[in-house]
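Index from 1, following the sequence.
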Amino acid sequence: MGIYLNPSTDKFEMALASPIYVDKTGLLAVLNFLLGTDQRYVCISRPRRFGKTMAANMISAYYDRTVEGEKLFRGLEIGTNPSFDAFRNRFDVLRLNMQEFLSASKNVDELLQMLKEDICDELKEEYPEVVARSGRALQYYVEKVYQKTKRRFVIVIDEWDCIIREYKTDKESQERYLDFLRDFLKDKGYVALAYMTGILPIKKYGTHSALNMFDEYSMVDPGPMASYTGFTSDEVQQLCAQYGMDFAKAKQWYDGYAFPSVGDIYSPRSVVAAMLRQKFDTYWNQTETFQALRMYIDLNLDGLRDDVIRLLAGDTLQINTGTFSNDMTTFHTADDVLTLLIHLGYLAYDEVEKSVRIPNKEIMMEFVNAISVGGWEEIARAIKASQNLLQAVWRQDADAVAAGVEAAHFETSQLAYHDENALACTISLALYAAREYYDVYRELPAGKGFADIVFVPRAPYAEKPALVIELKWDKDASTAIRQILEKQYVEALQSYRGKVLLVGINYNRKTKEHTCRIEMVER
């Protein structure tokens, strides 16, 4: 057993012994299908807290020839797969965590030298008759072992991109590192499987696209790896039942990532923390501070500030992810920044609609923290005032609501304000506090048309009135109320029974004033 060569099953056993373990060994069946083929190069990019390291430990434990993993895996999903015995514990495994080498070195050259020496030392210890000395490139010695044993290697590299993230502006160091990975892995007969994990995808480094043998599976397109990206709805429902936690609240806090093939995906670490601590809260900032997010949204590149305001208001944005350079410094458009935020986990991407949104309450709170200081004070004030505005709606104080919306419009005055969509964005942001009590829907099909904004109270807040808001531009608030009634927008509430507040809001471009009218009906 070595540190890097065949490192045993200890770390995976700790995962199995943890209070919460969600079985993701089905991933091994996918990898067995790719093993020893031209598709044997796999790169998984996910945000922090999404189980990348656990998966890497699982893969190492399954393929490591020096251990007996039958009992370890037999009761898990992979144990019922036809490929289970065919590939289990049949390979030499090289398990590398690049973050560990990065932390122990002063530069990339020292990192690469240290990595080569450490691996060669373990190869010499395991195969003294084959690796008698060092001095050549690492791939030379791995090839020698393969030629002697005819046993291929499974190479697992965790945090592969930490060098790209740490040496953000040092292109020469990045290129030397990428050259090393290319020379070590590409077209090598000794590679049975190369599995890399990181946050960033890998393909677009200018002329250094030398890792194009990898198939990448990311938060933009996870492909067949989708169900192993995070916890599925079924898995979270089971955990909530086991720990006596409210699934609806878990969904509100940690859901929001979704892929067409598997549906909703939840942030694993946050779900586990909530179950064990018996408390729904934000656990994101335990491994990442809001300054990381603020650094990017403060760029305000190509209208990015307006985009962030719309996201805070609950909007979705169409984006083009194709121009992203897969690093953390090269941004040509606002879409490039937003694409980075997808990979960092701050935004959820809809693969079908090609759009992004803030996925859940936990991440929304990180955005609110990020704008709470420096440069975003106006937006922060509008959000802080939202509780007072919501109270005014509940008590049907139309004048106070009009004044509150007008104040929110002033706070977000840099947002282009020239149609009902912009007005809807302002209202949604002004009523930010309502998201604690309501599910919010924009342009909801109802009756004979589409209701502009509908607020449906969640089960714990059934005593709150539902809200149907209609917006007008250069008309009047009474017209908005009439439209709600005539077009039967209340029908959007479907099975809801109780009080419904009809809220009509109008903006007059000449006077720059908002007016409001509120009526209550019973459903």
Side-chain angles (χ1 to χ4, degrees), residues 1-36 40 42-44 46 48-101 115 118-127 142 145-146 149 151-160 190-198 225 227-231 235 268-269 272 276:
M1 182 181 74
I3 298 173
Y4 311 110
L5 177 64
N6 299 324
S8 85
T9 62
D10 292 353
K11 291 180 180 178
F12 183 56
E13 287 184 50
M14 284 191 281
L16 291 175
S18 298
I20 293 178
Y21 170 75
V22 174
D23 185 358
K24 294 293 183 180
T25 58
L27 171 63
L28 295 168
V30 178
L31 298 179
N32 285 344
F33 181 73
L34 304 175
L35 201 78
R40 67 192 185 275
V42 175
C43 182
I44 304 290
R46 301 178 195 159
R48 291 187 178 93
R49 300 155 296 274
F50 272 72
K52 298 187 297 295
T53 297
M54 189 282 292
N57 293 334
M58 174 187 74
I59 292 165
S60 296
Y62 176 75
Y63 290 115
D64 185 342
R65 70 172 180 84
T66 66
V67 298
E68 177 47 63
E70 181 177 7
K71 291 183 180 179
L72 198 62
F73 287 96
R74 179 63 72 182
L76 301 174
E77 182 182 347
I78 185 61
T80 63
N81 189 275
S83 69
F84 176 57
D85 288 321
F87 300 106
R88 175 181 50 79
N89 307 126
R90 301 299 175 92
F91 300 91
D92 276 324
V93 172
L94 281 175
R95 166 74 166 88
L96 310 175
N97 187 322
M98 288 301 182
Q99 185 64 55
E100 294 175 0
F101 288 102
L115 183 151
D118 288 353
I119 295 176
C120 282
D121 285 346
E122 292 195 6
L123 288 171
K124 281 192 290 186
E125 185 175 347
E126 183 68 19
Y127 299 103
V142 179
V145 170
Y146 167 58
T149 65
R151 186 169 46 238
R152 290 186 170 92
F153 283 76
V154 169
I155 300 171
V156 181
I157 303 177
D158 197 9
E159 299 283 359
W160 84 270
Y190 55 71
V191 176
L193 175 72
Y195 180 92
M196 299 201 310
T197 74
M225 309 298 182
S227 59
Y228 310 111
T229 299
F231 289 172
E235 290 164 346
R269 186 183 186 281
V272 168
L276 296 180

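For Tyr228 (side chain) and Gly26 (main-chain N/O), a donor-acceptor pair under 3.5 Å exists by modelled atom type. Between the side chain of Glu122 and the main chain of Tyr4, a donor-acceptor pair closer than 3.5 Å is present. Side-chain N or O atoms of Tyr63 include none that pairs as donor or acceptor with a backbone N or O of Ile155 at under 3.5 Å. The main-chain N or O of Asp92 is never found under 3.5 Å from a side-chain atom of Asp64 such that the two would form a donor-acceptor pair.
For the residue pair Ser83 and Ala29, the shortest heavy atom distance occurs at OG-CA, 4.3 Å. Between Glu68 and Arg88, the closest heavy-atom pair is OE2-NH1, 2.6 Å. Residue Asn57 comes nearest to Phe12 through the heavy atom pair O-CB, 3.9 Å, listed as atom of the first residue, atom of the second, then distance. Pairing each heavy atom of Asn89 with each of Gly69, the nearest pair is OD1-N, 2.8 Å. Ile44 approaches Met225 most closely through the heavy-atom pair CD1-CG, 3.7 Å. Considering every non-hydrogen atom in both Phe50 and Pro268, the closest pair reads CD2-CD, 3.8 Å.
Salt-bridge annotation for Glu126 and Arg65: present, with a side-chain N of the basic residue lying under 4.0 Å from a carboxylate O of the acidic one. Note on Lys24 versus Glu77: no salt bridge recorded, every NZ/NE/NH1/NH2 to OD/OE distance being 4.0 Å or above. A salt bridge between Asp85 and Arg74 is present, with a side-chain N of the basic residue lying under 4.0 Å from a carboxylate O of the acidic one.
A distance of 10.0 Å separates CE of Met14 from OG1 of Thr9, quoted to the nearest 0.5 Å. Taking OH of Tyr190 as the reference point, atom CG of Leu94 lies at 9.0 Å (rounded to 0.5 Å). Taken from CD in Glu100 to CG in Asp118, the straight-line distance is 10.5 Å, to the nearest 0.5 Å. To the nearest 0.5 Å, atom CZ of residue Phe73 and atom CE of residue Met58 are 7.0 Å apart. Taking OG1 of Thr197 as the reference point, atom CD of Glu159 lies at 6.0 Å (rounded to 0.5 Å). If you take CZ on Phe33 and CZ on Arg40, they are separated by 15.0 Å, rounding to the nearest 0.5 Å.
Here the side chains of Arg95 and Asp158 are in contact, with some heavy-atom distance below 4.5 Å. The side-chain heavy atoms of Asn32 and Ile78, taken from C-beta on, include a pair separated by under 4.5 Å. By the 4.5 Å heavy-atom criterion applied to side chains, Leu35 and Phe91 are counted as neighbours. Counting heavy atoms from C-beta on, the side chains of Phe87 and Val154 never come closer than 4.5 Å. Within the 4.5 Å cutoff, the side chain of Leu96 has heavy atoms near those of the Ile119 side chain.
No donor-acceptor contact under 3.5 angstrom links the side chains of Thr66 and Asn6, judged on distance only.
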>> Could you walk me through whether Leu115 and Met98 satisfy the side-chain contact (heavy atoms from CB on, under 4.5 Å) test, starting with their C-alpha distance in whole Å, then the side-chain angles of each, then the deciding distance to 0.1 Å, before giving a yes or no?
In response: CA-CA 9 Å; Leu115 183 151; Met98 288 301 182; 3.4 Å; yes
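Only one option out of Leu28, Asn81, Thr25 pairs with Leu76 in a side chain to side chain contact (heavy atoms under 4.5 Å, CB included); it is Thr25.
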